[in-house]
J.: 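This is the structure I want to talk about, given as structure tokens.
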Amino acid sequence: MDYDPQELETRWRRRWAEEGRYEADPAADAADAADEDPTFITVPYPYPSGGMHIGHARTYTVPDVYARYRRQRGDNVLFPIAWHVTGTPIIGAVERLKKGEEEQLSVLRDTYNVAEDTLQDLETPMGYARHFIEDHYKKGMKDLGLSIDWRREFTTNDERYSKFVTWQYETLRDRGRLEKGLHPVKYCTNEEQPVTTHDLLEGEEAEFQEYTLVRFGRGDTVVPMATLRPETVRGVTNAYIDPDADYVIADVDDEEWFVSAPAVEKLQLQGYEVVPKRTVSGEHLVGEYVTNPITGDDVLVLPAEFVDAENATGVVMSVPAHSPDDYVALQEAKADDERLAEYGIDPADVDAIDPVPILSIEGYGEIPAKTAVEAAGIESSTDPALEEATQELYNSEFHQGRLNDEYGEFAGEVVEDVRDRFRDAHRETGAFGTMQEFSEEVVCRCGGDVVVAEQDTWFLRYNDEDWKQAAHDAVAEMEAIPENTRGEYDHTIDWLNEWPCIRNYGLGTRLPWDEDFVIEPLSDSTIYMAYYTIAHRLREIPTEDLDREFFDALFYGADAVDDPDERALELRAEWRYWYPVTYRFSANDLISNHLTFYLFHHAELFDTEQWPEGIVIMGMGLLEGEKMSSSKGHVVLPGKAIDEYGADTVRFFLLNSAEPWQDYDWRAEQVASVRNQLERFWTRAQDVVDVPGPEERPELATEDRWLLSRLQRTVAKVTDAMEGSETRTASQAAFYDFEEDLRWYRRRTDRSRPAARWTLREVLETRLRLLAPFIPFLTNELHEELTGTPAEDAPWPEVDAALLDSEIEVAESQIERVVEDIQGIQQSLENAEEDVPEADPDRIRVTVAADWKQEVFATIAEIGADQGAVMSEVMQDPALRERGNAVNDLVGELIEFARGRADADLDALAAVDEAAAYERAADFLGREFDADIVVQTEGQDVEAQKQAVPFRPAIELEAE
RNA sequence: GCGCGGGUAGCCAAGUGGUCAACGGCGCAGCGCUUAGGACGCUGUCCCAUAGGGGUCCGCAGGUUCGAAUCCUGUCCCGCGCACCA
């Protein structure tokens, strides 16, 4: 029968669905259930804001392979899936669709093949989600043959799920892990509401920057200067303002402030009470003096066009000693008496301004900005090198600059270490304020300006020390695969601050005590693995019964509430049966948020024994060496790949091309080659199925025993690899590596022998079981043909120690070695310019080393690769002593050979009867080289022309 | 800047102290099989070599060791993540 993956895969899919093959439940008998150690595998639920591509296929196939492996090992395995729809991406996608945005339509039509008459179904968020769930993810997952328990699926917008999340957040609040506070958000001044990155036209990369407002004063009016370098306040020599821009004098809280007009709204949005009183041009302040709140010095305000009134307060302080920008600006101001005079400034006052250094740094002079400007040869503020010089000096000063003595308690410290403390100290005294601003311009899709607003929000207190400690404990107790990711969790835990966990709009669960807000996606997905264990049975319970007490009873037991709901206690048994999660498989970029949140929340809400047992990190996918991108159409859809190659090929490629945590690259050429290999495997397996061998195990030839021994090694290696989720190593060993052994076996032996047929059948059955997690369709089919049972229902193979035979393996590798040596000699002879008849020999003479040489090797195998010890042992033997130097040379050579080999291998080698091994292989060697093979022993039959050494027989090619 | 990963033959890629001129795949070449092609099998694919050999080699430069692709130091280059975005 030809390999027809479409046909056979369709059949198995139907069978699995009809049988409910992967629906997992605790054992009916409670006592049995208590004994079991079930396996619970999870993977982050997909976000159906678009279709599924081949990268997703791998994300879900890796856990599937592990799940299938554990099932064959006899575990009860639960592998569930659900759908994450929380937040704004789906809403945003629907809105772009409804607006008829070309790019969005193109992604839907061209990349994801959405039919025209289906598009209207996508115009509601859940309609949109449902389309991608059903037609893409679910279909793709079923086509791939994922062993998912489909009864448990849900979406994060379901009302019962919301009840669960409600319980979670009420519990967290009661435990003091939630806190109300202010938080900077992106806010569209046109739409008058917060916006997300997806809503932006420009400035997606913009970062929040926290400016310090240094409260300079002019009389009773505060003139707040915005700076990112508050520690330079003692170096301020003057200020700059845009003389032509609009500024306002306003009441801010209980004071009068002077700020740029655009700053008014920003300050209002950031929690300041601002009432503008009158608008003036910047010129109003030019030529005036303002007072430095730290030093008490009065400094002159100069006009400057480079000041951007759109940024922060529109008034900046000048620190010419440390800012190349300011230094150059000051030079230019000094040089332009005319302009100063226009503004009524006495040029002499400006001339008198000298840079005031406030920190020292190696490699620069007393005035670092001067050094930098002069070194770069900058003469004008328009010189592009100025920006570079500024950046470089800024960096150096930040990491190496030490504050001068006038900084008192802060003196001598490096800026990097002292800036925040210095700033905080002056905030407390009231000299400094604060204001948030973006690092670049941000524009909303509606065209409105986006600014930073401080908004009331609820935070998760990931900064609580005791919570961090609990999360660290969770990391310490779990298995991190690969192990080098462990540090990343700890690092993230240390670095994580309070996390705003609500948004103004989006799908998902409302904040229980304030319906205006919705819990954001990374915060409503931290313990939902627990929900899987009960999802299917929760449907029988009316939503209104799913209150706080219900879940308290479910998760904390009968004693946790006064009158526990019986149904909750039943579900509790299910939860306790499956929990904790054995492995969570996830992408490495989720360590810095989702996975660490997962640990935090488990550490807080559940007992130690319910904490995650392990996390396996998965690598990224490339497509033909490049990043996948659905907007560019640079994706492969699983459906298309499965149509083209079959699901087994897709699975095998995804699992075999790299370990789960390594990056992989989908290359059509390689995939096609995998398909080819599977087809060949199928064809050869059919041969074995079609020509059955003897029922009972016959007398086996050496080659058969060799192959079976290799098979045992393969079983050991594959099992070991699977235990560590090394799917590449495992599938490589079971498929390709063993294929090499088979190739040798086919070459080496007569496969029509009954013993060979029996052996090949044995080998096939074992390999089908080893490969079943990877290519379940094909292996099920063949294993059923072979034995009557699908491979997945057969137990995982175990190493049969009786079939392991190191001696045979070692002897066989000697045969390989002889073949290679003969080929090497032939090659060398063929290199000759003239024809050498021996290159095509009629007779090959293989001479085995004399017995005394074998004895010397036996001594080495016994004692080890120690020249001195071996020599003194060997010299005890008078016969050997007689040979003197020859023995010494031989020992040296053999010790070289033995060094680095395991003792067990040396013992196996010592046990080999070389002559007998070559004699057994003589027919084979004769066929290989089309020559007569003569095996003889040195000193016994004839003396060879060349010296033989144990495991390196003398080989002589002879032509008639 | 902080954290992680990586640089191996034309390409992909295995290899963490000796069994390494370095697994395997792709590509290329020769031979066999075949009407032909494909598939399959065998052989070769850094340089030199008329007997299984020698030389050079694993980003670069040093070092440790009897011995290094593998360990250490320095250096260059590349990829990924760094938050309120799922």
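Quick note on labels: first sequence line is chain A, next is B, and so on, each numbered from 1.
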J.: Using Watson-Crick or G-U wobble geometry with both distances under 3.5 Å, which nucleotide pairs with G37(B)?
T.: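 For G37(B), the partner nucleotide comes out as none, under the 3.5 Å rule.
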J.: Could you tell me which nucleotide pairs with G1(B) by Watson-Crick or G-U wobble geometry, both distances under 3.5 Å, or answer none if nothing does?
T.: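 Checking every strand shown, G1(B) finds its partner in C82(B), with both distances under 3.5 Å.
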J.: Considering every strand and a 4.0 Å limit on heavy-atom distances, what is the contact class for Arg486(A): base, sugar-phosphate, or nothing?
T.: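 Nothing, no nucleic acid heavy atom in range.
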J.: How far does the C1' atom of G17(B) sit from the matching atom of C66(B), given to the nearest Å?
T.: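 Straight-line distance between the two C1' atoms is 12 Å.
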J.: Using the P atom as the point on both nucleotides, what is the distance between G27(B) and A21(B), in whole Å?
T.: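 Each nucleotide's P atom is 28 Å from the other's.
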J.: Sticking with atom C1', work out how far U50(B) lies from C42(B), rounded to a whole angstrom.
T.: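 Result for the C1' pair: 24 Å, nearest Å.
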J.: Name the orientation class of the two ring planes belonging to Trp499(A) and Phe597(A) (parallel below 30°, tilted from 30 to 60°, perpendicular beyond 60°).
T.: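 Judged by the thresholds at 30° and 60°, the geometry between Trp499(A) and Phe597(A) is perpendicular.
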J.: In plain terms, say whether Glu739(A) and Arg684(A) are close enough for a salt bridge, that is, a side-chain N and a carboxylate O under 4.0 Å apart.
T.: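 Salt bridge flag = yes for Arg684(A) with Glu739(A).
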J.: Could you tell me how far U75(B) sits from C80(B) if I compare only their P atoms? Round to whole Å.
T.: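 C80(B) and U75(B) have their P atoms separated by 24 Å.
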J.: Run the salt-bridge test on Arg817(A) and Glu820(A) with the 4.0 Å N-O cut-off and return the result as yes or no.
T.: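 Salt bridge: no.
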J.: What's the CZ-P distance between Phe597(A) and C82(B), to the nearest Å?
T.: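 After rounding, the gap between these two atoms is 12 Å.
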J.: For Lys186(A) and Ala453(A), indicate whether the former's side chain and the latter's backbone hold a donor-acceptor pair under 3.5 Å.
T.: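 A pair under 3.5 Å: no.
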J.: Could you check Asp663(A) against Thr86(A) and say which one's nearest nucleotide on RNA chain B is further toward the 5' end?
T.: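 Nearer the 5' end of the strand: Asp663(A).
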J.: Could you tell me how far apart Lys186(A) (NZ) and A83(B) (C1') are, to the nearest whole angstrom?
T.: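 Rounded to the whole Å, the gap is 10 Å.
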J.: For the pair Phe132(A) and His136(A), name the ring-plane relationship: parallel under 30°, tilted 30 to 60°, perpendicular over 60°.
T.: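 Ring orientation of Phe132(A) relative to His136(A): tilted.
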J.: What does the B/S/- profile of nucleotides 16-22 of chain B look like, 5' to 3', with a 4.0 Å heavy-atom cutoff to protein?
T.: --BB---
J.: Please tabulate the protein-to-nucleotide N/O contacts below 3.5 Å involving nucleotides 51-57 of chain B, giving atom names and distances.
T.:
| unit_1 | atom_1 | unit_2 | atom_2 | d |
| --- | --- | --- | --- | --- |
| A51(B) | N6 | Leu957(A) | O | 3.1 |
| A51(B) | N1 | Leu957(A) | N | 2.9 |
| A51(B) | N3 | Lys946(A) | NZ | 3.3 |
| G52(B) | O2' | Asp821(A) | OD1 | 3.1 |
| G52(B) | N7 | Lys946(A) | NZ | 3.1 |
| G52(B) | O6 | Lys946(A) | NZ | 3.1 |
| G52(B) | O6 | Ile955(A) | N | 3.4 |
| G52(B) | N1 | Pro953(A) | O | 3.0 |
| G52(B) | N2 | Asp821(A) | OD2 | 2.5 |
| G52(B) | N2 | Pro953(A) | O | 3.3 |
| G52(B) | N3 | Asp821(A) | OD2 | 3.2 |

J.: With both distances under 3.5 angstrom, what nucleotide forms a Watson-Crick or G-U wobble pair with A9(B)?
T.: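 Base-paired to nothing in any strand shown.
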J.: Kindly point out which of G25(B), A86(B), A83(B) is positioned nearest to the side chain of Leu496(A)?
T.: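 Taking heavy atoms from C-beta onward, the closest nucleotide is A83(B).
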J.: Angle class for the Tyr528(A)/Tyr161(A) ring planes (parallel below 30°, perpendicular above 60°, tilted otherwise)?
T.: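 The arrangement is perpendicular - the two ring planes meet at more than 60°.
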J.: Take atom CG of Leu507(A) and atom C1' of A86(B), then tell me their distance rounded to the nearest Å.
T.: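 Value for this atom pair: 13 Å.
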J.: Taking only the P atom of each, what is the distance from U56(B) to G1(B) in whole angstrom?
T.: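 Those two atoms are separated by 39 Å.
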J.: What integer number of Å spans the C1' atoms of C26(B) and G18(B)?
T.: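 The same atom, C1', in both gives a distance of 31 Å.
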J.: Need one value for His84(A): base, sugar-phosphate or nothing, where a base atom within 4.0 Å counts as base even if backbone is also close, heavy atoms only.
T.: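 If one applies the 4.0 Å heavy-atom cut-off, His84(A) turns out to touch the sugar-phosphate alone, with no base involved.
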J.: Using Watson-Crick or G-U wobble geometry with both distances below 3.5 Å, tell me the partner of A61(B), or none.
T.: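 Paired with A61(B), as far as the under-3.5 Å criterion goes, is U73(B).
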J.: Give a yes or no on whether a salt bridge exists between Arg728(A) and Glu659(A), defined as a side-chain N under 4.0 angstrom from a carboxylate O.
T.: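 Glu659(A) and Arg728(A): not salt-bridged.
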J.: Choosing from U50(B), A83(B), G24(B), which nucleotide comes nearest the side chain of Gln732(A)?
T.: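 Among U50(B), A83(B), G24(B), the one nearest the side chain of Gln732(A) is G24(B).
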J.: Could you measure between the two C1' atoms, the one in G15(B) and the one in G7(B), and give it in whole Å?
T.: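 These two C1' atoms come out 15 Å apart once rounded.
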J.: I'd like to check the side chain to side chain donor-acceptor pair (under 3.5 Å) partners of Trp83(A); sequence neighbours left out, ordered by chain and number.
T.: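 Trp83(A): side chain to side chain donor-acceptor pair (under 3.5 Å) contacts with Glu153(A).
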J.: Is the backbone of Phe600(A) close enough, under 3.5 Å, to the side chain of Trp467(A) for a donor and an acceptor to pair up by distance?
T.: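 It does hold such a pair.
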J.: So what does Pro500(A) touch, heavy atoms closer than 4.0 Å: a base, only the sugar-phosphate, or nothing?
T.: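 Base, at least one base atom sits under 4.0 Å.
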J.: Nearest whole angstrom, please: distance from the C1' of C80(B) to the CD of Gln662(A).
T.: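 It works out to 14 Å between those atoms.
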J.: Can you build the contact string for nucleotides 3-9 of chain B? Use B for base contact, S for sugar-phosphate-only contact, and - for no protein heavy atom under 4.0 Å.
T.: SSS----
J.: For C23(B), which nucleotide is its Watson-Crick or G-U wobble mate, given both distances must be under 3.5 Å?
T.: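 Partner of C23(B): none found under 3.5 Å.
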J.: Partners of Glu809(A) by salt bridge (charged side-chain N to carboxylate O under 4.0 Å, His left out), sequence neighbours excluded?
T.: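 With sequence neighbours excluded, Glu809(A) shows a salt bridge (charged side-chain N to carboxylate O under 4.0 Å, His left out) to Arg710(A), Arg713(A), given in chain and number order.
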J.: Once you round it to whole Å, what is the distance between C1' of U50(B) and CD of Gln826(A)?
T.: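 From Gln826(A) CD to U50(B) C1': 13 Å.
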J.: Using a heavy-atom cut-off of under 4.0 Å over every strand shown, decide if Glu669(A) touches base, sugar-phosphate, or nothing.
T.: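 Touches sugar-phosphate only.
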J.: Quick one about Arg584(A) and His594(A) (side-chain donor to acceptor, distance below 3.5 Å, no hydrogens or angles considered), yes or no?
T.: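 Result is yes, a qualifying pair exists.
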J.: Quick test of your reading of the model: are Arg675(A) and Glu679(A) salt-bridged, counting only N-O distances below 4.0 Å?
T.: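 Here Arg675(A) pairs with Glu679(A) in a salt bridge, since their nearest N and O are under 4.0 Å apart.
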J.: Within the distance-only criterion (no hydrogens, no angle test), does the side chain of Arg767(A) pair as donor or acceptor with the backbone N or O of Phe735(A) below 3.5 angstrom?
T.: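 Indeed, once roles are kept as given, a pair shorter than 3.5 Å links the two residues.
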J.: Roughly how many Å apart are A13(B) and C58(B), using the C1' atom of each and rounding to a whole number?
T.: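 Taking atom C1' in both C58(B) and A13(B), they lie 13 Å apart.
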J.: Quick check: on RNA chain B, is the nucleotide nearest Glu520(A) upstream (toward 5') of the one nearest Trp495(A), or the reverse? Name the residue that is more 5'.
T.: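 By nearest-heavy-atom nucleotide position, the 5'-most residue is Trp495(A).
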J.: Using a strict 4.0 Å threshold on nitrogen-to-oxygen distance, state whether Glu956(A) and Arg843(A) make a salt bridge.
T.: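 Judged by the 4.0 Å cut-off on N to carboxylate O distance, Glu956(A) and Arg843(A) do not form a salt bridge.
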J.: In terms of ring plane angle, is the pair Phe897(A) and Phe951(A) parallel, tilted or perpendicular, where the classes change at 30° and 60°?
T.: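 Correct class here is parallel.
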J.: Encode nucleotides 38-46 of chain B as B, S and - characters from 5' to 3', where the letter depends on protein heavy atoms closer than 4.0 Å: B to the base, S only to sugar-phosphate, - to neither.
T.: --SSSSS--
J.: Heavy atoms under 4.0 Å, any strand shown: does Tyr736(A) hit a base, just sugar-phosphate, or nothing?
T.: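 The answer is nothing, as Tyr736(A) stays clear of every strand by at least 4.0 Å.
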J.: Could you tell me whether Arg952(A) and Glu893(A) make a salt bridge, using a distance below 4.0 angstrom between a side-chain N and a carboxylate O?
T.: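 Salt bridge absent between Arg952(A) and Glu893(A).
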